[in-house]
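Presented below is the structure to which this report refers.
All values below were derived from every heavy atom in this structure, side-chain atoms included, with hydrogens, water molecules and symmetry-related copies excluded. Owing to the predicted nature of the structure, the values given are computational and were not obtained by experimental measurement.
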2 protein chains.
Amino acid sequence: MEKETTIYDIAKRLGVSPTTVSRALNDHPAVNKNTKQKIYEKATQMGYRSNMFASNLRKQRTNTIGLIVPRLNSPFQSSAIAGMEKVANEAGYNLIISQSLENVQKEIANANTMFNSRVDGLLVSLAYNTESLDHFEPFINKAIPVIFYDRVAEHKSCTNILIDNIQAAYKATSHLIEQGCKNIVHISGNLNRNVYSDRLKGYKYALIDNDLPFEDSFVITNTLSEEAGIEAAQQILAMDSKPDGIFVSNDTCAVSCMKTLKQAGMSIPKDIAVVGFNNDPLTRVIEPNLTTIDYPGYEMGEVAARSLIHFLNGLSDVTITNTITLRSDLIIRDSSLKSKLS
Amino acid sequence: MEKETTIYDIAKRLGVSPTTVSRALNDHPAVNKNTKQKIYEKATQMGYRSNMFASNLRKQRTNTIGLIVPRLNSPFQSSAIAGMEKVANEAGYNLIISQSLENVQKEIANANTMFNSRVDGLLVSLAYNTESLDHFEPFINKAIPVIFYDRVAEHKSCTNILIDNIQAAYKATSHLIEQGCKNIVHISGNLNRNVYSDRLKGYKYALIDNDLPFEDSFVITNTLSEEAGIEAAQQILAMDSKPDGIFVSNDTCAVSCMKTLKQAGMSIPKDIAVVGFNNDPLTRVIEPNLTTIDYPGYEMGEVAARSLIHFLNGLSDVTITNTITLRSDLIIRDSSLKSKLS
DNA sequence: CCCACATTTGCAACCGATTGCAGAAACTTT
DNA sequence: AAAGTTTCTGCAATCGGTTGCAAATGTGGG
């Protein structure tokens, strides 16, 4: 196993000082072009690679971005991560990733690890049951930028990146109403999480604006998992007055709910129209195809990473930029098109 | 912004040497229990956190594992990553991730970045068109363990982690034959990649063992993407003698192919039985549900990370362990059950 | 009380790159 | 040719832990 070449080795070979080698390799203007050229060549020839630790130690910077997500294996999150990786990689940053598995305790542990790894900045999508943001205080105190995306929370020193969930849910619900639905059930997640409470709001506002009554009993709150969808369907089937429309806060749950309703003999959209949220690949496979909200995961990842890197380069200030809202759209498919039936 | 506390600060406050502080914090046996206790308390009180760069610089170790995948946003890969993250995290390793986007050039660039980041070990699932493994030589030369999983390649100093693709494909094809299929098409990916060439072999062997003819014209090679599935379906529809069974090398492609065939009026499994590969969530949504091979992504991720960490701890040797094979199973669903129809 | 031995502690030299400041060298200007 | 600029180069300190070796302290036996 050969040993590493350092700038000292290069310096010795060329009879210059390590200082000059360091400067040359960083393309410092105060180094003669010819010297630079010679150093470059020698470095390549000797198979030199910079020792990031020495460099980081000195520069107090890591060129690393930390990422904490609830789960890595969801279509939305993995798209977002793909987008982040692309941007980070192009900008010369490494991405270190950890998952909270929807558990605050693990999220706290992960945040500490990230802090100790001295990430330059942090991207976070909060766990299902996170309430306090205390575990991010160490970052704030050290002026390490923290950006929340999707599952966000208000904090005076952090930027949030999200879509207008209220508006999206409003559009989804209005669409159901336009299709003639009068009794619309909403299946939602933990209402402490912005995404779900906002979607509930959008649902509610749409009802009110269309002079339809809002009833608590028409809101089902669960974990939005596949199993939860089945249970929700059973609840709906057991209702005295059956709804004619359902707006679900995510696609996984919407799809399993639809499947269960179909198995029970309900016809979709004739008996019940369904709208989901996220535009997961599933939505184009279930029959009828699921109307949903297009949630731009990849783009959100790109924007999040790009914003963070901007902050790191001092091009803008986290504490000032409060919220970045991305566009989202209603994608209408057959699961909600009652009008097409006639 | 307060400045970091170092072991020197702690040492000064307690009137001991930095050496002792360093040892105490690393739980070195040669430090008095009382002293240790005092140092722990002071460190906590002063909000000390170890500077990994200084430590890495000295120890020549990073506690970081590199991961290169073709794409982050596939159900299989994201499950695998989830498994790796769990294991790595528990063992105190960071995971840095990059994607090749199925492009050798990017894979090479990523490998270089990982090398320069001085990862302690590398986990790789190869890009679609990677042929040479030269870009991993630097790792091998420095005795940095490299483990390939899923998309693997033979290399005398690397471990491969995979399922028995030949056997799985053999099972899948045999199942179709048992269901009465006589003309089975196989849709495959790039045959330079082990996974696809092995599955082709399994398909071929199953035909031969059942005295069915193997015909080149019944093997369709494409990118296995959603679009490719549609095109493959069109090719099949245009065939003079239509097949009565299809074995597809992944689920995404199988599902879109099925959809297209159904739209064209084919009945599944009556006219054509279909078997996929991977057990993506999609398979339980398409109608009829898709028979497929259960490919344990999460477990594969765990095994890969665990093996790597074993190597790093010197508990075993990469150059000796050649291949780790995981169990996989055929999951029979309605898309292939012709026998049930009668 | 002295010596052998075990237990603790500290000195000082690393690890490899970066950077403020000073000084040398080369080039202009008068 | 002397003085003033500009361009390059290098010294030496620094970032914060780690570790081989030596020294200090403590313990117990004789």
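- As a whole-Å value, the separation of A/M52 CE from C/dA17 P is 12 Å.
- A donor atom on one side chain and an acceptor atom on the other are found under 3.5 Å apart for B/Y295 and B/D150.
- Residue B/K38 qualifies as open at atom NZ: its count of foreign heavy atoms under 6.0 Å is 12 or below.
- Look at A/Q60 and you won't find any side-chain N or O under 4.0 angstrom from OP1 or OP2 of D/dT14.
- With hydrogens and angles left out, the side-chain atoms of A/T20 and A/S17 include a donor and acceptor closer than 3.5 Å.
- The NE2 atom of B/H28 sits 18 Å away from the P atom of D/dG17 (whole-angstrom rounding).
- For A/N32 and D/dT7, the shortest distance from a side-chain N or O to OP1 or OP2 is not below 4.0 Å.
- Look at B/S22 and you'll find a side-chain N or O under 4.0 angstrom from OP1 or OP2 of D/dT18.
- In B/R49, the CZ atom is crowded: over 12 heavy atoms of neighbouring residues, nucleotides or ligands sit closer than 6.0 Å.
- In the helix from C/dC1-D/dG30 to C/dT30-D/dA1, the end axes, each obtained as the rotation axis mapping the C1' atoms of four pairs onto the next four within a five-pair block, lie 40° apart to the nearest 10 degrees.
- Both A/P29 and B/P18 lie close to DNA chain D; mapped to their nearest nucleotides by heavy-atom distance, the more 5′-ward contact belongs to A/P29.
- Looking at B/E102 and B/R71, no side-chain N of the basic residue comes within less than 4.0 Å of a carboxylate O on the acidic one, giving no salt bridge.
- When rounded to the nearest whole Å, the span between CZ of A/R61 and C1' of C/dT19 equals 17 Å.
- Atom CG in A/L14 sits about 11 Å away from atom P in D/dG10, given to the nearest Å.
- When rounded to the nearest whole Å, the span between CG of A/L57 and C1' of C/dT19 equals 14 Å.
- Using a 30° and 60° split on the angle between ring planes, B/F136 and B/F148 fall in the perpendicular class, above 60°.
- When the nucleotides C/dT18, D/dG17, D/dC15 are ranked by their closest atom to the side chain of A/S55, C/dT18 comes out on top.
- The A/R23 side chain lies nearest to C/dC21 when the options are C/dA17, D/dG17, C/dC21.
- Side-chain N/O atoms of B/T62 and B/D120 include a donor and acceptor closer than 3.5 Å.
- To the nearest angstrom, P of C/dT7 lies 13 Å from NZ of B/K36.
- Residue A/T35 places at least one side-chain N or O closer than 4.0 Å to OP1 or OP2 of D/dT9.
- Contact annotation: A/Y48 side-chain N/O to C/dA17 OP1/OP2 distance is under 4.0 Å.
- Using a 4.0 Å heavy-atom criterion, one finds that B/V16 contacts the sugar-phosphate atoms exclusively.
- One can place OH of A/Y8 at 14 Å from C1' of C/dA13, the figure rounded to the nearest angstrom.
- Along DNA chain C, the nucleotide nearest B/R58 and the nucleotide nearest B/S17 are compared for position; the residue whose nucleotide lies closer to the 5' end is B/S17.
- Counting any heavy atom pair closer than 4.0 Å across all strands shown, B/N56 reaches no nucleic acid atom.
- One atom, CG of A/D27, and another, P of D/dC8, lie 13 Å apart when rounded to the nearest Å.
- In summary, the side chains of A/S117 and B/N94 do present a donor paired with an acceptor at a separation below 3.5 Å, with no hydrogens or angles considered.
- Taking only distance into account, the side chain of A/T19 meets the base of D/dC11 through a donor-acceptor pair shorter than 3.5 Å.
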